[in-house]
There are 2 protein chains.
Amino acid sequence: MKQEMNENILFDVAELFKCFADSTRIRILYSLISKERNVNEIADLLNMNQSAISHQLRILKDAKLIKKRRDGKTIYYSLDDDHVYNIIAQGIEHVEE
Amino acid sequence: MKQEMNENILFDVAELFKCFADSTRIRILYSLISKERNVNEIADLLNMNQSAISHQLRILKDAKLIKKRRDGKTIYYSLDDDHVYNIIAQGIEHVEE
DNA sequence: AATACATATGAACAAATGTTCATATATTCA
DNA sequence: TGAATATATGAACATTTGTTCATATGTATT
């Protein structure tokens with residue numbers, strides 16, 4: 001990590017971490033570590049309504065943290081990036097100390 | 001990372017990431033990677049007023065991401081944890097792709 | 001003790017954010 | 001084509017959040 005850092009990059013990093021900074025979104029991401037899931041499955045798992053989950057999935061998708069795949073009526077979401085797992089793992093390590 | 005995850009832990013992880021999810025705070029943390037700094041130094045560096053920085057330092061302190069050391073009138077802040085560096089580094093890696 | 005310097009804090013305000021509700025879009029199947 | 005299922009979206013609302021302003025606290029120096 002170089003000494004002089006572009007302000008814009010740190011701004012983007014903050015934007016990225018916003019995705020991990022909400023318990024709904026982080027539970028969604030965590031649930032996708034083991035396997036891909038569709039929207040209603042996630043909603044059931046988190047015991048939240050489908051609309052709330054859809055809104056959050058869009059945020060995660062825009063941030064390129066997850067990707068989608070359609071199979072008939074169903075849309076499956078999965079993690080899109082290795083960093084996602086690593087960042088969550090670091091976070092868990094920190095809070096578990 | 002184990003399969004069944006305590007909901008509370010993920011909640012705490014989200015709380016942790018909130019610290020990294022604001023550009024003021026992440027610029028503060030980034031500025032502390034190279035060396036400890038006092039409050040006014042940080043305020044000058046980020047071109048923000050002293051009060052705003054103090055408020056954010058308190059949040060970072062409460063989250064145990066930074067620690068303080070008094071030397072006379074001056075209080076020096078520094079990073080309190082290895083994970084801080086690692087989490088920021090992962091974040092930068094992701095956005096730089 | 002009085003002044004100056006460094007930092008912290010509380011209240012107020014504006015801006016950003018997450019959820020809900022109602023409804024729209026897309027796909028499948030009878 | 002029409003009904004059923006799965007997902008997406010926009011508006012509204014309440015809550016949270018970050019900054020500013022004024023002021024308080026703590027320390028050193030004269």
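Chain letters run A, B, ... following the sequence lines, proteins first and then strands; every chain starts at 1. Just the heavy atoms: all of them, side chains too, but no hydrogens, waters or symmetry mates, feed the values below.
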**Student:** Under a 3.5 Å distance rule, please check whether B:Arg70 uses its side chain to pair with a backbone N or O of B:Gly72 as donor and acceptor.
**Tutor:**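 Present.
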**Student:** Is the base of C:dC5 touched by the side chain of B:Thr74 through a donor-acceptor pair closer than 3.5 angstrom?
**Tutor:**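 No, no donor-acceptor pair under 3.5 Å.
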**Student:** Can you find a donor-acceptor pair, distance only, under 3.5 Å between B:Gln50 side chain and C:dA6 base?
**Tutor:**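 Counting by modelled atom types and ignoring angles, no donor-acceptor contact under 3.5 Å is found here.
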**Student:** Report yes if the ring of B:His55 lies under 5.5 Å from the six-membered base ring of C:dT9 with planes under 30°, and no otherwise.
**Tutor:**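 Stacking between B:His55 and C:dT9: present.
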**Student:** Check the distance between D:dA28's P and B:Asn38's CG and give it to me in whole angstrom.
**Tutor:**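 About 15 Å, once rounded to whole Å.
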**Student:** If the cut-off is 4.0 Å, is A:Lys18 near the phosphate of C:dA16, judged by side-chain N/O to OP1 or OP2?
**Tutor:** no
**Student:** Under 4.0 Å, counting only non-hydrogen atoms across every strand here, what does B:Lys61 touch: a base, just sugar-phosphate, or nothing?
**Tutor:**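 Touches nothing.
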**Student:** Does the side chain of B:Gln56 get closer than 4.0 angstrom to OP1 or OP2 of D:dT17 through an N or O atom?
**Tutor:** no
**Student:** Pick the nucleotide of DNA chain C nearest each of A:Arg27 and B:Ile75; which residue has the one closer to the 5' end?
**Tutor:**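 Result of the comparison: B:Ile75.
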**Student:** Where the side chain of B:Thr24 is defined as all heavy atoms beyond and including C-beta, which of D:dT19, C:dT9, C:dT17 is the nearest nucleotide?
**Tutor:**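 Given the options D:dT19, C:dT9, C:dT17, the side chain of B:Thr24 is closest to D:dT19.
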**Student:** Pick one: which of A:Lys61, A:Arg25, A:Arg27 meets side-chain hydrogen bond (donor to acceptor under 3.5 Å, both in side chains) with A:Gln56?
**Tutor:**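 Result for side-chain hydrogen bond (donor to acceptor under 3.5 Å, both in side chains) with A:Gln56: A:Arg25.
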**Student:** I need the CZ-P distance between B:Arg69 and D:dT27, as an integer number of Å.
**Tutor:** 15 Å
**Student:** For B:Tyr76, is there any backbone N or O sitting under 3.5 Å from a side-chain donor or acceptor partner on B:Arg69?
**Tutor:** no
**Student:** Check whether any side-chain N or O of B:Tyr77 sits under 4.0 Å from OP1 or OP2 of C:dA8, and answer yes or no.
**Tutor:** yes
**Student:** Mark yes or no for whether A:Asn38, through its side chain, and A:Glu41, through its backbone, hold a donor-acceptor pair below 3.5 Å.
**Tutor:** yes
**Student:** Does some side-chain heavy atom of A:Leu65 sit less than 4.5 Å from a side-chain heavy atom of A:Leu16?
**Tutor:**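 Yes, at least one pair of side-chain atoms sits under 4.5 Å.
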**Student:** Heavy atoms from C-beta onward define the side chain here; which of C:dT19, D:dG18, D:dT9 lies closest to that of B:Ile59?
**Tutor:**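 That would be D:dG18.
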**Student:** Using heavy atoms to find the nearest nucleotide of DNA chain C for B:Arg70 and A:Asp22 separately, return the residue whose nucleotide is more 5′.
**Tutor:**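 Whichever sits nearer the 5' end wins; that is B:Arg70.
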**Student:** Please report, rounded to the nearest Å, how far the C1' atom of D:dA8 is from the NZ atom of A:Lys68.
**Tutor:** 8 Å
**Student:** Among the candidates D:dT20, C:dT19, D:dT7, find the nucleotide nearest to the side-chain atoms of A:Ala52.
**Tutor:** C:dT19
**Student:** Once you apply a heavy-atom cut-off of 4.0 Å, does B:Tyr76 come out as touching a base, just sugar-phosphate, or nothing?
**Tutor:**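 Here B:Tyr76 touches no strand at all.
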**Student:** Please state how far atom CG in A:Asp71 lies from atom P in D:dT7, giving the value in whole angstrom units.
**Tutor:**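 So the CG-P distance, A:Asp71 to D:dT7, works out to 11 Å.
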**Student:** Looking at B:Arg25, I'd like to know whether one of its side-chain N or O atoms comes within less than 4.0 Å of OP1 or OP2 on D:dG18.
**Tutor:** yes
**Student:** Without decimals, in angstroms, what is the distance between A:Leu57 CG and D:dA8 P?
**Tutor:**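 Between P of D:dA8 and CG of A:Leu57: 7 Å.
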**Student:** Nearest-Å distance, CD1 (A:Ile26) to C1' (C:dG18)?
**Tutor:** 16 Å
**Student:** OP1 or OP2 of C:dT7 sitting under 4.0 Å from any side-chain N/O of B:Asn40?
**Tutor:**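 Affirmative; the distance criterion is met.
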**Student:** Name the residue from B:Ile87, B:Asn86, B:Ile88 that meets the side-chain contact (heavy atoms from CB on, under 4.5 Å) definition with B:Val84.
**Tutor:**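 Testing B:Val84 for a side-chain contact (heavy atoms from CB on, under 4.5 Å) against B:Ile87, B:Asn86, B:Ile88 leaves exactly one candidate, B:Ile88.
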**Student:** Hey, which sits more toward the 5' end of DNA chain D by its nearest nucleotide, A:Ser54 or A:Lys73?
**Tutor:** A:Lys73
**Student:** A:Phe17 CZ to C:dA16 P: how many Å, rounded?
**Tutor:**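 A:Phe17 atom CZ is separated from C:dA16 atom P by 22 Å.
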**Student:** Does D:dT9 have OP1 or OP2 sitting under 4.0 Å from an N or O in the side chain of A:Arg58?
**Tutor:** yes
**Student:** Please report the distance, rounded to the nearest Å, between CG in B:Asn49 and P in C:dT7.
**Tutor:** 13 Å
